[in-house]
Amino acid sequence: MSKKNSVSVTLEGVTKIYKNTKGRPDVVAVHESDFVVQPGDLVTLLGPSGCGKTTTLRMIAGFELPSTGRILIGQQDVTMLPPNARDTATVFQSYGLFPHLTVGENVAYGLKLRKIPHADSAKKVKEFLAMVGLADLYDRAPGRLSGGQQQRVALARSLIVEPSVLLLDEPLSNLDALLREQMRVEIRRIQKTFGITAVYVTHDRVEAMSLSDQVIVMKDGEIKQMGSPQEIYENPNSKFVAGFVGKVAFFPVELLEKTGNGWTCRLGQKTMTLNRFAADVEADKEAVIMARPESLRLVEPGAGSIAGTVHMNVYLGHSIETFVDTSYGEVLIQVDDPASKKIFPEGSQVSVDFVPERVRILRG
Amino acid sequence: MIKKRNLLKLLAAALLFAIGDIWVYTSLLDSFRSYYETNSMKEVTLFARTAPDDSVYYDDWIASLPGEIAGGRAMILSLNEDSEFVPAAGDSVAGAIWDAYKDSEDFRKGLESVYYLLPYKIPSGIPAAELARLVPEASADISPEGMQIYLLPIPDESGFDVTGAVLMAVPAGSAGQFEELLGGMCVLAWIIFVTLFAVGTLSRDPITGYAIIFLLAVSITFVAYPLFESFRLTFIDGGVFSLAIWQKTFSVEYLRPFWGSLLLGILTASISTLIGFAFAFLTERTGARGKKLIGSLATMPVISPPFSLTLSLILLFGNNGLITHQLLGIDFSIYGLGGLVLAQTIGMFPIAYMTLSSVLRSIDSTVEDAALDLQATRLRTFLTITLPLSLPGLLSSWLLVFTNSLADFANPLLLAGSYRVLSVEAYIEVTGRNNLGGGAALSLLLLLPTLTAFFAQRYWVNRKSVVTVTGKPSTRLAELATKPVRLGLQSFVWICLAFILALYGTIIAGCFVKNWGIDYTFTLANFGEALSRGYQSIISTVTLAAIATPIAGIIAMAASVIVVRRTFIGKRILEVLLMTPFAIPGTLLGISYVLAFNKPPLLLIGTAAIIVINYVIRELPVGLETGAANLRQIDPAIEEAAQDLGADSSKVFTSVVLPLIRPAFLTSMSYTFVRSMTAVSAVIFLISARWYHLTVQIYNFSENIRFGLASVLATVLIIIVMGAFCLMQFLVRDKGLTEKNIVR
């Protein structure tokens, strides 16, 4: 398990257009994608289905050709290279295990193509199977393994060829919740040990948050935002990103004037100055305040900024999620450590309040 | 997204190859021309030596020239007292040339040279237009390239003195054809090189590119080109465009066999579908015993060789048949429509049976249970549930049998008597009357109903089929027939099967009988004679089928990968071209091959290659379909994973795809082998004395009333085919051999 020099992955203005021949318009799957994956980083492509994240991954792997733009692995332009000539290895959503080969032969496949002597390869296969915890399944047929085991075999098969870039296409989507959590940790651990550059495609925000060094949020073929998980969660640049990476409430505000490094704005009757805002907010345009459930508080009626009625309390142990009907629609408030706090019963009048530092102004 | 560098590379390579190509072309042309020059000089000189001494024979000799040198004209000049050459006798064209040019510089030089016994060629020749002006009355038979003029000496006996001279004019054009061919070859070589090089440098996946080009080239050469040729030649009569062939084809004389084919098809399709449905219903919807046996016995006629069951029908019911003549003593003839329907039904009801049993199997019997549960009677359930659900299947099987019946050639050839069908008519037109165009037209006529039925079956009926949506299929079948109905069906089915078995028995019995119909004494002599006379054709039939089998298998699997997994421009065209041989009758394909490959540049008739190619092309569609169906079940990610790990297209194909679609591969190969062994309709046009086909020999023996010999060869063929079929069934079924043994 030697450590290879990590390389970067660069996309420059990559666009993918699917020509539709049967009279239907062309589909732009990926539009002008630009990003750099730093060496050794794990970057997640996050977005709803059909946003172009899998297409992006398949272009990096070489299964699809970009319509325009360049893809570089390290310093090498690989745009036109076929998949077999790229130093990438993909873990597929459906695993793509060879049903006619045993687990061991599956893992050894890439080594065999690289003409590694049989003895060395057998040793290495055992080593890698042990690493994913499947040492004793060497002679099994892949069809007889559970989903999680198949997933591990696929991972071992990709890793054993020591690729420069590991590509994972929703690798955990076919697993149950518990296994998914386990495998998530496993993948991250292995990726870090190898220091391998990885691109991970998912539509699951928890997966994206917990795995990545950087998250790229995509929508309709375009990159909406790229940043560390914390940045994406705390400082989203649009309502879409804010909503996609976590639970959020939006309150329409009127922007009055820019004061120093903040905006003075009016929410209902109250006027306040907020220092956190997205770059594209403007005075005459519609704007909203975005607030995460954990940064909202429930206070006695009249004491906070927004009046409402408690609609439902959901008890989760470590917290209570309170749904409050307000004039801006339903707002979710998370009350942590509920035993130590006052709980407003369902039906009671409340007021929602927040600390100005914990909210952010976005374009409406 | 094409790299500039690669494009430049391609341009440079194309240019370099073009230069080389032109160099080769010109040097070949030069050497050919000089060779041709000396050769023709020799030819005319030799001919001039034969000039008679006596002026009485001059005219005869001049008249004989065109027989030696096509289009040649000559004039004999004699030497007068002043040592000048004067015309003695000659052809009008040569005379005109002499009159026009005798005072020219070239002629002066030429005659001088001749005077010293050296043959001379006028360097420039005379263009056609000039000749037409000189001799307008002969302009029709002057070649467009003009004429070469030779002046040749006639020596005396001593050989040292000249007595006269010959002016000879020879058409210049005879070298043109070769030059054209050479030019064509060079251009073709350049195109091939550039195409391959372009794919190699510009494509990301050259192997697939080469495969696609190969498939396109094969399908254009061996499907599109021959069919186009046969179509084109039906419009040509005596070298010019004419509708005469089609006028004749649409005359009453030929519309009768057209109607005959249709009637036969309708009868056979209807009866076969009914019998097939009875069989299918019994095995899929009742609790009758021996279903497996019924299934395998009923499918036997499909793979039995042509002529074999027909032969035994003749042995039993023919003019001298065992049952009709010897046992019943009646005057009955199997030849004609009735016998044909019987023979075709026996041969083709298994198609209906197989189609319908899979249709019935796919209808979940829960729906019938539900109807019974709602207190419908069994008959009502059958009429309102089972029958409507299997209607698309019935239609589809009817159309399948119909196309098969129309394309059938073997049965009518032996049994039609005075009843006329198109396929046989086309064969007679070609072999009997040597009228290839007429034969092509007749088989194209046959294409009309065949294609209609084919497309109706494929694109209309198949889309109409009802898919029953279910959870788990019920394990126990509903007993849908009452006991008397079931017993009735059962006895009908077993009587049919007994009859088929009796037919096979008759063939075997036929091997041991001295002279069927006349002398039923036991003999083994048939074996010796049949095997010694048929040895050569047995060997060549098996050899050719064995060569075609793996080729067809590999190509079919590769083609299915390309069709299912790749997208490229012209894919639809390739698909259609590859599938076409499945829809067109064998007779048409055979005639097309004769028309297309009996002339340069692809002079293949008479070789084993054309027979093998014909097998491969004809059986490719079934392999392609099987492979494609199999491949669609396989997750593309498996192939992508292999490619991702570093395997190129050919490695992906051999290490992943082929093992996964092994069942389809084996099925397609066994199908090709069996069908090639039992081929007749196309191959009968392609066989030669060296490469004969067993089925044709069986036919010949039957036609010559050597039933014993025919029976022996038919038995041999049945054994080979059944053996191969069983072997393949065993290979496909035995998981241990098709799938790798994986330890649990």
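To find a chain, count down the sequence lines: A is the first, B the second, and so on, and within it residues start at 1.
B:Asp644 touches chain A through backbone and side chain together, each having a heavy atom under 4.5 Å away. Only the backbone of A:Leu97 comes within contact range of chain B, judged by heavy atoms closer than 4.5 Å. Looking at A:Phe92, the atoms closer than 4.5 Å to chain B (heavy atoms on both sides) all sit in the side chain, from C-beta outward. Within the 4.5 angstrom heavy-atom criterion, only backbone atoms of A:Leu81 (N, CA, C, O) approach chain B. Heavy atoms closer than 4.5 Å to chain B are found in the side chain of A:Arg58, but not in its backbone.
Without hydrogens or angle criteria, A:Asp87 side chain to A:Pro163 main chain gives no donor-acceptor distance under 3.5 Å.
Most heavy-atom pairs under 4.5 Å with chain A: of the set B:Asp205, B:Val652, B:Val656, this distinction falls to B:Val656. With chain B as partner, the option from A:Ser94, A:Ala61, A:Gly110 having the largest number of non-hydrogen pairs under 4.5 angstrom is A:Ser94. Of the residues considered (A:Gly62, A:Pro83, A:Pro82, A:Ala89), A:Pro83 shows the highest number of contacts with chain B, using heavy-atom pairs under 4.5 Å.
Between A:Lys124 and A:Leu111 there is a side-chain heavy-atom pair separated by less than 4.5 Å. By the 4.5 Å heavy-atom criterion applied to side chains, A:Lys16 and A:Val28 are not counted as neighbours.
At least one test fails for A:Arg188 against the ring of A:Tyr200: distance under 6.0 Å to the centre or angle within 45° of the axis.
Heavy atoms from other residues, nucleotides or ligands lying under 6.0 Å from CZ of B:Phe228 number 12 at most.
A side-chain donor-acceptor contact under 3.5 Å links A:Gln93 and A:Ser173.
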